[in-house]
Amino acid sequence: MRESKPKIGVYVCHCGTNISGKVDVEAVSSYASTLPHVEVARNFKFMCSNPGQQLVIDDIKEKGLNRVVVASCSPRMHEKTFRKACQTAGINPYYFQMACIREHVSWVTEDPEQATQKAKDLVRGAVARVAHHQQLASRVVDINPNVLVIGGGIAGMQAALDIADGGKKVFLVEKEPTIGGNMSKFDKTFPTLDCAACISTPKLVAVGQHENIELMTYSEVADVSGFVGNFKVKIRKKPRYVDADKCTGCGLCTEKCPSKVLSEFDHGLAYRKAIYSPFPQAVPNTRVIDAEHCIYFQKNRCRACEKFCEAEAIDFDQKEEIVEINVGSVIVATGFETFDPTPLTQYGFGRYPEVYTSIQFERINNATGPTSGEIVTKDGKKPEAVAIIHCVGSRDQNHQKYCSRVCCMYSMKFAHLVREKTGAEVYEFYIDIRSPGKGYEEFYNRLQEEGTHFIRGKVSQVTDIVDSPEDEGKLVVVAEDTLAHKVRRIPVDMVVLSVGLKPASGIEDIARMVGISVDSDGWINELHPKLGPLATPSDGIFVAGCCQGPKDIPDSVAQGQGAAGEALSLISRGKLEIEAAVSTIDPERCMGCRQCEEVCFYGAISYNPVLNVCEVNEAICKGCGNCAATCPNKAIELRHFNNDEILAEMEGLMFAPVDTERNFNEKAA
Amino acid sequence: MADNGMEPKIVAFLCNWCTFTAADLAGTSRLKYEPNVRIIKVMCSSRVDPVFILKALLDGADGVLIGGCAPGDCHYSKGNFYARRKVALAKKLAESMGLDSKRIRLSWIPASEGPLFARVVNEFTESIKQLGDNPTKREVYI
């Protein structure tokens, strides 16, 4: 673009006495008026004030200025203010340059003479640079109103429902055959003891039936490309071998299937068939065939399910499908897994049948679980004493250093349920009880009143070695009671390990695909720990629920709703303004060496093999300039920080102005 | 402090997010430091082309300071590491032209480290004073 001959206005700010107390502002402004292309140079008490800005606006209008330099505070303070003033006066806001003579000069320099000299140099640099400034216009792109939610747990479901209720289309992707996540495995929820199924099942149904939600269960995100407002997502739909349109969910196939497998949903406490639905209220209620354990797939015979299915829904020929969708924003809600206590051999998990993890104990308590909600040992007996061990894998330097936040509360919920259902004595071995939350501390008090034994101490061992007659046939829990200063040996019938939470497997892959990072524990890094809990450094990617860190159900739901709000806010903007200071590649100069593509952190540069040149996607480019400094042919220009501008500023800072004049004339010619 | 009466010219390319902000913080904290550094803002230290550094030196700057974010803190995730490579290249080229590579310094200064910025400027100014004038000021290259 051919730029008009510069007519520059220079404005030196006193900032009260912040600048003028050290820098001779008169001298600086009169020096500025001698610099090339400078039409007018003034100094003023407060340039950022309304009269100060008006001074700039009036001069632009009356004197026909087309470039403005303000020498005042840091551009981080007031660059926007003056750009706006330029725009108001009718010139391009990028025709503005700021010289920082407060933070970088008057406040940090002892000697007034040196401060004045430094201020003059900085003004000279700014004047030299602004002469090379180009008109830039921010670009605007449309935002696709569809949203992708990854993960169908309570946070993902809530986010999907809120967005769908707002009238926008949602794609909900879940890797398991059903939505519901971990919450659907629970029996009661603390501290109110609501039945988890009673409060979550209606959500499952609402998600399954909502006209704006396209449910994609038994599917995984395979690839995400694009940028905020315009993501292209590839979803891998695993074959169910059951036609969802035909399956009526009658369950006859499951009944007839001869192959038994340990149930993942019951965490190995019960069996399921090779054709199954994880739990009775599953949404969608379409069965799925587990090909790994299906006799037909393994040995090429059986097909019992096919014979008995009246709806003819069984389809052994189904293949994996890749579905492509376009969305404008993504909510990651991949949730958590529980810690596997097998490495903590002192607790005997996997060795003693009566040692359970907390999620297994949830299933035992649940009416649809392996014991239909009865708390009984594997021999079918009611326990007389139950030990609950806190912080298994959490707050442990050898495993997970963090507190998983929910374990104290669910452990106390277990204690209540055990006492209610069996009348057994319950021993809670804890390090500290952490019960922050509405009604949580009250629940703790209630448990103490109910007669639960709280023993402060970390369990050293769970053993079946008999030391005294009452240990016979029991598991003995050994711990130091740190309040009573003695070692306790307590014989119990069942041991529950309150295992901590860890990020769901596959979270790194998803984080990489959407361009976000995870912390040292594997949880997703949010934009800001306090002020940006749901956004991420990648625009248009939001997080909700436990994938960002351990949290309880109310917090997960709140985050789901919050993330939905973020996505809806983005959608309702409709269009998105893209930063003008981005890289561009001159195809005449580019030789297609692709070094820029390699150094770009954002994948904003792609290679066009037809023309043998690289191209910048301006919507993705963040304007760092790494590519511009890398390009061996100098084919890449970072707008507003191009070589002419930076070198002009550098020369301006160091020399008297002769060179600048010549350079500009050469360039204009 | 080497008091040879020299007032070196030092050009500083500072990244917008960390070191430039640290320089602002040094100002708001009223830390006094040597007045020889002239700051040029770039968005990322990886924008600093080795050509800029060499051109500054050949044009007569006595020192060039490059400031970026601390490792792991880069606003653009890894730009500071690319800056390190570019500065290493510029140092080699400077040596080959007979210029002391100590005239080029890369410092990673986080946004919250105003005092560190002031210290780096003082140290660098001091070391440049000890090196003396940039020889290109006296010599003519063909």
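Side chains are part of it too, since the values below use all heavy atoms of this structure and drop only hydrogens, waters and symmetry mates. Here is the naming used below: chain letters follow the sequence lines, and residue numbers restart at 1 for every chain.
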Undergrad: Non-hydrogen atoms of chain A under 4.5 Å away: do they reach the side chain of L31(B), the backbone, both or neither?
TA: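 Only the backbone of L31(B) comes within 4.5 Å of chain A.
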Undergrad: Return the CG to CG distance between L58(B) and N134(B), rounded to the nearest 0.5 Å.
TA: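 Answer rounded to 0.5 Å: 8.0 Å.
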Undergrad: Among E103(A), H104(A), Q117(A), which residue forms the greatest number of heavy-atom pairs with chain B at distances under 4.5 Å?
TA: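 Among E103(A), H104(A), Q117(A), the one with the most close pairs to chain B is H104(A).
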Undergrad: Rounded to the nearest 0.5 Å, what separation is found between the CE atom of M650(A) and the CG atom of N643(A)?
TA: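 Nearest 0.5 Å value for the CE-CG distance: 10.5 Å.
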Undergrad: Of the listed residues (N18(A), L638(A), T109(A)), which shares the most heavy-atom pairs with chain B below a 4.5 Å separation?
TA: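 Of N18(A), L638(A), T109(A), T109(A) has the most heavy-atom pairs under 4.5 Å with chain B.
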Undergrad: With a 4.5 angstrom heavy-atom cut-off, which part of Y82(B) approaches chain A: side chain, backbone, both or neither?
TA: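 Just its side chain gets close to chain A.
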Undergrad: Please confirm whether Y33(B) and W107(A) have ring centers closer than 6.0 angstrom.
TA: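 Judged by ring-centre distance (under 6.0 Å), Y33(B) and W107(A) do not meet the cut-off.
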Undergrad: Side chain from CB out, backbone as N, CA, C, O: work out which of these in V121(B) comes under 4.5 Å of a heavy atom of chain A, or both, or neither.
TA: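 When you check distances to chain A, no heavy atom of V121(B) falls under 4.5 Å.
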Undergrad: Go through the atoms of V42(B) and report whether side chain, backbone, both or neither lie under 4.5 Å from a heavy atom of chain A.
TA: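 Contact with chain A involves both backbone and side-chain atoms of V42(B).
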Undergrad: If you compare all heavy atoms of A27(A) against all heavy atoms of K120(A), which two are closest, and at what distance to 0.1 Å?
TA: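 That would be O-CE, 4.0 Å.
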Undergrad: Sort out for me which of D111(A), V105(A), L653(A) touches chain B most, counting heavy-atom pairs under 4.5 Å.
TA: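 Top option by heavy-atom pairs under 4.5 Å: L653(A).
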Undergrad: In Å and rounded to the nearest 0.5 Å, what is the OG to CD1 distance from S46(B) to I66(B)?
TA: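 Atom-to-atom, S46(B):OG and I66(B):CD1 are 12.5 Å apart.
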Undergrad: Mind ranking Q114(A), H640(A), K622(A), R102(A) by heavy-atom pairs under 4.5 Å with chain B and telling me who comes out on top?
TA: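 Greatest number of close heavy-atom pairs with chain B: Q114(A).
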Undergrad: Among the options M43(B), H75(B), R30(B), pick out the one with the most heavy-atom pairs lying under 4.5 Å from chain A.
TA: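 Top count of heavy-atom pairs under 4.5 Å with chain A: R30(B).
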Undergrad: Which answer fits K86(B), side chain, backbone, both or neither, if we ask what part of it has an atom under 4.5 Å from a heavy atom of chain A?
TA: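 For K86(B), the side chain is the part near chain A, not the backbone.
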Undergrad: So which residue, S74(A), C73(A), C100(A), ends up with the most heavy-atom pairs under 4.5 Å with chain B?
TA: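 Most pairs with chain B among the choices: S74(A).
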Undergrad: When heavy-atom pairs shorter than 4.5 Å are enumerated against chain A, which of T21(B), V11(B), V48(B), V51(B) gives the highest number?
TA: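 Highest number of pairs under 4.5 Å: T21(B).
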Undergrad: What part of F13(B) gets closer than 4.5 Å to chain A, counting heavy atoms only: side chain, backbone, both or neither?
TA: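 Just the side chain, heavy atoms under 4.5 Å.
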Undergrad: Non-hydrogen atoms of chain A under 4.5 Å away: do they reach the side chain of N16(B), the backbone, both or neither?
TA: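 Both parts, backbone and side chain.
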Undergrad: Mind checking whether Y95(A) and H133(A) have ring centres under 6.0 Å apart?
TA: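 Not close enough - the centres of the two rings lie 6.0 Å or further apart.
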Undergrad: Measuring from atom CZ of F117(B) to atom CG of L14(B), what distance do you get when rounded to the nearest 0.5 angstrom?
TA: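 Answer for the CZ-CG pair, F117(B) versus L14(B), is 5.0 Å.
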Undergrad: Compute the centroid of each ring, for Y76(B) and then for F601(A), and state whether the two points are separated by less than 6.0 Å.
TA: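 Not under 6.0 Å, so no.
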Undergrad: So, D49(B) side chain and F52(B) main chain: donor-acceptor pair closer than 3.5 Å or not?
TA: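 Not a single qualifying donor-acceptor pair exists.
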Undergrad: Could you tell me which portion of K9(B) (side chain, backbone, both or neither) has an atom closer than 4.5 angstrom to a non-hydrogen atom of chain A?
TA: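 When you check distances to chain A, only side chain atoms of K9(B) fall under 4.5 Å.
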Undergrad: Say you draw a straight line from SG of C614(A) to CD of E597(A); how long is it, rounded to the nearest 0.5 Å?
TA: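 Interatomic distance, C614(A) SG to E597(A) CD, rounded to 0.5 Å: 5.5 Å.
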